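Quick note on labels: first sequence line is chain A, next is B, and so on, each numbered from 1. Computed from a prediction, not measured in an experiment: that's the story for all the values here.
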Amino acid sequence: MYALADCNNFYASCERVFEPRLEGRPVIVLSNNDGCVVARSQEAKDLGIAMGEPVFKCRSIIEKNHVVVRSSNYTLYDDMSRRVVQSITTFIPDIEIYSIDEVFLDLQPLINRDLMAICHRTRQSVLDWTGIPISIGLGSTKTLAKLANRIAKKRAGTNGVYRLPDEARARDRDLASTDIEDVWGIGRRWGRRFRQIGVATALDLARMPAMEVRRQFNVIAMRTALELRGEPCQDIQEVAVQRRTMVRSRSFGRMVTTWEELSEAIATHASRAAEKLRAEDSVAGQISVFLHTNRFREDMPQYHRSGIRELLPATNVTPMILDAARSIGRSIFREGFHYKKAGVMLGDITHGGGQGGLFDQRNHGRDERLMKTLDRINDRMGPGTLHAAATGLRRREWHMKRENRSPRYTTCWDDIPRTR
DNA sequence: TCTGGGGTCCTAGGACCC
DNA sequence: TCTGGGGTCCTAGGACCC
């Protein structure tokens, strides 16, 4: 037996915890650069503001209804996520962190106890301890737990917890009431293709012969079909799998035309990626850099390109990664375009060391000490206190727009909420 | 005018091996 | 004139997730 615990309107809920006057009001949270809507309170959903919608397209709804708009504050959300997970594990220890706002729970060890009671108590405690409302769905596979979670959120009277019934007819009713696109693992494209062959609900997919699903789609879709029938194809992954790639990229607040500015952006991404690599005690064996113009501006000349290079030996040393990134960037940069985005991608990531190079002359001990010192200073004095000159020395127009960010209530001494 | 960022997995096809 | 069988690895593209 599995469960999925999912935070309701997570980012919007985080904003509310520290600003209770937002309770009952429509709240939305925007993506980086204040571009798209990435989270909505229930009131905002009710106004018809769509997920992922560019904010300028719903500007009139926002103004007319006094919707509260917040820039995203990932420092806050990451920390709140950690607190929610910690609270849940007090009651249910075997978990898989699936995303910033979702946790799969392994209920098998608790199978002889009253699972509904445990889940209700978990939900209430998370709310009491963190202020974040969550919903929990229970099912015999992860896909069914996901489906049950949707019902827990939407159906009146569930009080935030729903268990898919064991009895076949009742379960079929729940599956029949779930649209095919709302099944975990079935997106818009496949949803359209399934509908073309007469599969419109989760129940239809569960009843389709598995090999037929595989033939027309692929094994992922087939596994989804099996899981909808109650045959588990995916287990709880308690140990996080090591990442294989890492991307650092940003759209620019304003278009960028010069190599000088673009190279600062690339250097910034490269430095951040290197820092993150070191924080995870890993090294990268490959680096690529990409840049592109604004694809929405069809009136302007378009350009996008990427370049790739091996890092030999694999490294997490900022100057190594920085040099490679800037030289790739230089080689793909073309004069005369308005650039909108640039990024650095690291691949061939390995953990705890990595293969050395036969002809490698560098003094690794020295690099390692230098990077340790750099990280320690930035850890103590704040991110970016010490940084490569190549990342730029002053604030630029292309830097991210973030006009309505809330304080870092839980992670920064100066931002801790005060009461009189 | 304004349109996010960061991941994973699968498949098909080509290059190459013995 | 006829031209094997069984593999691996890599890459690009397409789908999905949050």
Side-chain angles (χ1 to χ4, degrees), chain A residues 4-11 28-39 49-60 62 69 71-74 77-78 81 96-104 142-143 146 149-150 180-194 213-224 227 233-234 237 240-255 269 272-273 276 280 285-286 288 290 292-300 306 308 310 338 340-349 397-398 400-403:
Chain A
L4 176 72
D6 186 327
C7 300
N8 303 349
N9 316 323
F10 182 52
Y11 300 165
I28 60 174
V29 178
L30 307 183
S31 63
N32 286 323
N33 265 321
D34 292 344
C36 294
V37 178
V38 292
I49 299 175
M51 178 67 179
E53 199 174 11
V55 66
F56 70 87
K57 286 189 180 168
C58 46
R59 191 59 77 186
S60 67
I62 291 170
V69 179
S71 305
S72 40
N73 183 350
Y74 286 102
Y77 310 150
D78 281 335
S81 171
E96 170 190 338
I97 296 174
Y98 178 64
S99 75
I100 194 168
D101 69 337
E102 287 169 278
V103 181
F104 279 108
K142 282 175 149 183
T143 304
K146 268 273 199 186
N149 188 284
R150 271 182 62 82
I180 187 73
E181 301 81 10
D182 295 332
V183 173
W184 185 43
I186 308 295
R188 277 220 322 272
R189 303 266 161 101
W190 283 4
R192 216 175 302 142
R193 276 176 57 195
F194 270 118
V213 179
R214 177 168 187 164
R215 195 179 63 78
Q216 295 201 40
F217 295 82
N218 64 16
V219 299
I220 301 182
M222 183 187 80
R223 285 201 283 256
T224 299
E227 288 228 327
C233 301
Q234 316 176 59
Q237 300 212 323
V241 283
Q242 305 277 33
R243 76 158 79 240
R244 296 215 264 260
T245 61
M246 178 191 297
V247 178
R248 279 291 169 277
S249 72
R250 284 283 179 282
S251 300
F252 302 132
R254 291 258 171 78
M255 302 265 224
H269 298 321
R272 298 244 165 91
K276 179 118 196 211
E280 296 180 359
Q286 190 187 70
S288 63
F290 64 88
H292 59 76
T293 49
N294 188 346
R295 64 196 162 98
F296 295 102
R297 292 293 300 269
E298 289 169 6
D299 55 321
M300 298 177 79
S306 66
I308 190 164
E310 253 182 90
H338 288 72
K340 181 60 180 170
K341 185 174 181 176
V344 170
M345 198 179 311
L346 298 177
D348 276 356
I349 294 179
E397 291 215 319
W398 55 264
M400 193 161 67
K401 255 188 280 178
R402 203 159 55 177
E403 286 166 358

Just N and O in the side chain of A:Arg297: are any of them under 4.0 Å from OP1 or OP2 of B:dC2?
yes
Send over the distance from A:Ile308 CD1 to C:dT11 P, rounded to a whole Å.
7 Å
Think A:Lys341 has a side-chain N or O under 4.0 angstrom from the OP1 or OP2 of B:dG4?
no
For C:dC9, which nucleotide is its Watson-Crick or G-U wobble mate, given both distances must be under 3.5 Å?
B:dG14
Counting neighbours of CD1 on A:Ile100 that are heavy atoms of other residues, nucleotides or ligands and sit closer than 6.0 Å, is the number greater than 12?
yes
Quick check on B:dT1: is either OP1 or OP2 less than 4.0 Å from any side-chain nitrogen or oxygen of A:Lys340?
no
Against the side chain of A:Arg214, the closest entry in B:dG6, C:dA15, B:dT11 is B:dT11
Pick base, sugar-phosphate or nothing for A:Arg250, based on heavy-atom distances below 4.0 Å to the nucleic acid.
sugar-phosphate
For the C1' atoms, the ones on B:dC17 and on C:dG4, what distance do you get once it is rounded to whole angstrom?
14 Å
Nearest-nucleotide pick for A:Trp184, side chain only, options being C:dA15, C:dC18, B:dG5:
C:dC18
Between A:Asn33 (side chain) and A:Ser251 (backbone), is there a donor-acceptor pair under 3.5 Å?
yes
Residue-phosphate contact under 4.0 Å: A:Ser251 side-chain N/O, B:dT3 OP1/OP2:
no
Are there over 12 heavy-atom neighbours, none belonging to A:Arg248, within less than 6.0 Å of that residue's CZ?
yes
Distance test, side-chain N/O of A:Arg244 to OP1/OP2 of B:dC9, below 4.0 Å
yes
Heavy atoms from C-beta onward define the side chain here; which of C:dC18, C:dA15, B:dG6 lies closest to that of A:Ser99?
C:dC18
Hey, which of these two, A:Arg243 or A:Tyr74, hits DNA chain B nearer its 5' end, going by closest nucleotide?
A:Tyr74
Nearest-neighbour nucleotide for the A:Lys146 side chain, C:dC17, B:dG5, B:dG7 considered
C:dC17
For A:Asn32, which contact category applies under a 4.0 Å heavy-atom criterion: base, sugar-phosphate, or nothing?
sugar-phosphate
Select one nucleotide: of B:dT3, B:dG7, C:dC17, the one nearest the side-chain heavy atoms of A:Met246.
B:dG7
When the distance from NE2 of A:His292 to P of B:dG4 is rounded to whole Å, what number comes out?
9 Å
Could you measure the distance from the CE atom of A:Met246 to the NZ atom of A:Lys276? Nearest 0.5 Å is fine.
6.0 Å
When you measure from the side-chain N and O atoms of A:Thr245 to the phosphate of B:dT8, is any distance below 4.0 Å, counting only OP1 and OP2?
yes
Which of B:dT3, B:dG7, C:dC18 is nearest the side chain of A:Val247? It is B:dG7
Step through the shown structure and confirm whether more than 12 heavy atoms of other residues, nucleotides or ligands are within 6.0 Å of NE2 on A:His338.
no
5'-most contact on DNA chain B: A:Phe252 or A:Phe217, nearest heavy atom basis?
A:Phe252
Pick base, sugar-phosphate or nothing for A:Arg188, based on heavy-atom distances below 4.0 Å to the nucleic acid.
sugar-phosphate
Looking at A:Glu227 and A:Cys233, would you say the former's side chain and the latter's main chain have a donor-acceptor pair under 3.5 Å?
yes
Check this one for me: any side-chain N or O of A:Arg248 less than 4.0 Å away from OP1 or OP2 of B:dG6?
yes
Residue-phosphate contact under 4.0 Å: A:Asn218 side-chain N/O, C:dA15 OP1/OP2:
no
At under 4.0 Å between heavy atoms, what does A:Arg223 touch on the DNA or RNA strands: base, sugar-phosphate, or nothing?
sugar-phosphate
